Amino acid sequence: MFENLITMLLVAVALMGSPGPATLSLAAVGAAFGARAGLRFFGGIISGNITVLLLLATGVTGIVLAVPEMKVAITLAAGAYILYLAYRIAKAPPAAAREAGARAPSFPSAYFLAIANPKAYAALGAVYSGNALITEGFGEQTLLMDSGAKLLVMVCVMITVNGSWLIFGSAFAAVLTDPRKSRIANICFAILLVGSVVLAVL
């Protein structure tokens with residue numbers, strides 16, 4: 001079990017922690033608004049990822065995405081929101097967002113981003129279905145124990161890696177005190193965010 005756990009952790013960190021719409025949006029929110037102001041957004045991303053994970057574990061995702069129209073609608077809605085989010089980040093008052101009264105994106109908006117993020121289904125699905133932690137025994141009880149263990153490990157990993165991206169982004173806000181440089185950093189994060197969506201969709 002220990003070897004399986006290590007393997008799963010390595011795969012989970014690599015897939016869930018790599019740049020994508022959710023992780024880059026957290027870094028961008030951290031850079032534009034600061035880590036503390038981004039906690040609600042962080043909570044929304046985590047809650048959305050947990051929802052995706054539960055949908056994958058129960059097989060609901062496969063049923064929903066089997067309908068082509070539903071898949072297209074979700075992808076278009078996610079793309080439109082991420083473009084809006086990128087615009088807000090690019091336009092955020094550099095380094096002084098909190099002092100200027102600007103508010104970081106909300107919990108519901110982050111939740112929507114997470115459940116509509118194509119990369120989340122691919123990465124979480126690959127980790128969940130490609131690893132087994134409890135292999136001894138047979139029957140429904142063993143499957144339930146294995147599913148529960150995998151869910152716990154994956155939630156811990158997603159909290160760690162997503163929190164790291166938020167802190168990474170907020171470090172820019174602390175270092176870039178010059179308004180012009182902060183504005184450039186925000187715009188760069190916004191461009192990377194849009195690029196990550198294009199790559200995820202393709």
Side-chain angles (χ1 to χ4, degrees), residues 9 12-53 77-121 123-124 152-201:
L9 285 173
V13 170
L15 291 177
M16 296 163 62
S18 61
T23 51
L24 284 174
S25 66
L26 280 164
V29 167
F33 301 94
R36 180 175 295 181
L39 285 177
R40 288 176 303 171
F41 190 82
F42 170 76
I45 292 291
I46 297 301
S47 299
N49 281 341
I50 291 174
T51 300
V52 170
L53 191 52
Y81 173 72
I82 291 172
L83 288 175
Y84 166 73
L85 177 62
Y87 172 78
R88 281 199 61 190
I89 290 167
K91 296 290 290 184
R98 286 158 288 176
E99 297 174 6
R103 293 174 61 86
S106 64
F107 178 100
S109 63
Y111 182 84
F112 171 76
L113 169 61
I115 63 172
N117 176 12
K119 186 203 168 198
Y121 294 91
L124 294 176
L152 179 61
V153 169
M154 292 177 70
V155 169
C156 290
V157 171
M158 71 175 62
I159 290 173
T160 302
V161 297
N162 284 293
S164 299
W165 276 97
L166 178 64
I167 294 171
F168 168 74
S170 66
F172 279 84
V175 173
L176 299 176
T177 55
D178 178 74
R180 183 172 176 274
K181 292 179 180 178
S182 293
R183 174 71 71 189
I184 292 172
N186 286 352
I187 292 173
C188 287
F189 272 118
I191 293 172
L192 288 172
L193 178 56
V194 173
S196 72
V197 177
V198 174
L199 290 175
V201 171

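Computed from heavy atoms alone, side chains included, the values below leave out hydrogens, waters and symmetry copies. Note that the structure is predicted; figures quoted are calculated from it, not measured.
Listed here is the closest heavy atom pair of Leu85 and Ser25: CD2-CB, 3.7 Å. Closest non-hydrogen pair, Ala86 versus Ala190, comes out as O-CB, 3.3 Å. Closest approach of Ala114 to Gly48, counting heavy atoms only: CB-CA, 3.5 Å. Counting all heavy atoms, side chain and backbone alike, Leu26 lies closest to Leu166 at O-CD1, 3.5 Å. Here the closest non-hydrogen pair linking Ile46 and Met158 is CD1-O, 3.5 Å.
With sequence neighbours excluded, the residues satisfying side chain to side chain contact (heavy atoms under 4.5 Å, CB included) with Tyr87 are Lys91. Thr160 pairs by the side chain to side chain donor-acceptor pair (under 3.5 Å) definition with nothing, not counting sequence neighbours. With sequence neighbours left out, the side chain to side chain contact (heavy atoms under 4.5 Å, CB included) criterion links Leu152 to Cys156. In this structure, Ser164 has no side chain to side chain donor-acceptor pair (under 3.5 Å) partners at least two apart in sequence or on a different chain. Taking Ser47 as the reference, nothing meets the side chain to side chain donor-acceptor pair (under 3.5 Å) condition, with sequence neighbours excluded. In terms of the side chain to side chain contact (heavy atoms under 4.5 Å, CB included) criterion, residue partners of Ser106 (sequence neighbours excluded) are, by chain and number, Pro108, Ser109.
In this structure the side chain of Leu113 reaches within 4.5 angstrom of the side chain of Phe41, judged on heavy atoms. Using a 4.5 Å cut-off on side-chain heavy atoms (C-beta onward), Trp165 and Ile45 make no contact. At least one side-chain heavy atom of Tyr111 sits under 4.5 Å from a side-chain heavy atom of Thr51. Counting only heavy atoms from C-beta outward, the side chains of Asn49 and Met16 never approach each other to under 4.5 Å. Side-chain contact between Leu192 and Pro19 is absent, with no heavy-atom pair separated by less than 4.5 Å.
Between Leu39 atom CG and Phe107 atom CZ the span is 12.0 Å, to the nearest 0.5 Å.
The main-chain N or O of Gly17 is never found under 3.5 Å from a side-chain atom of Thr23 such that the two would form a donor-acceptor pair.
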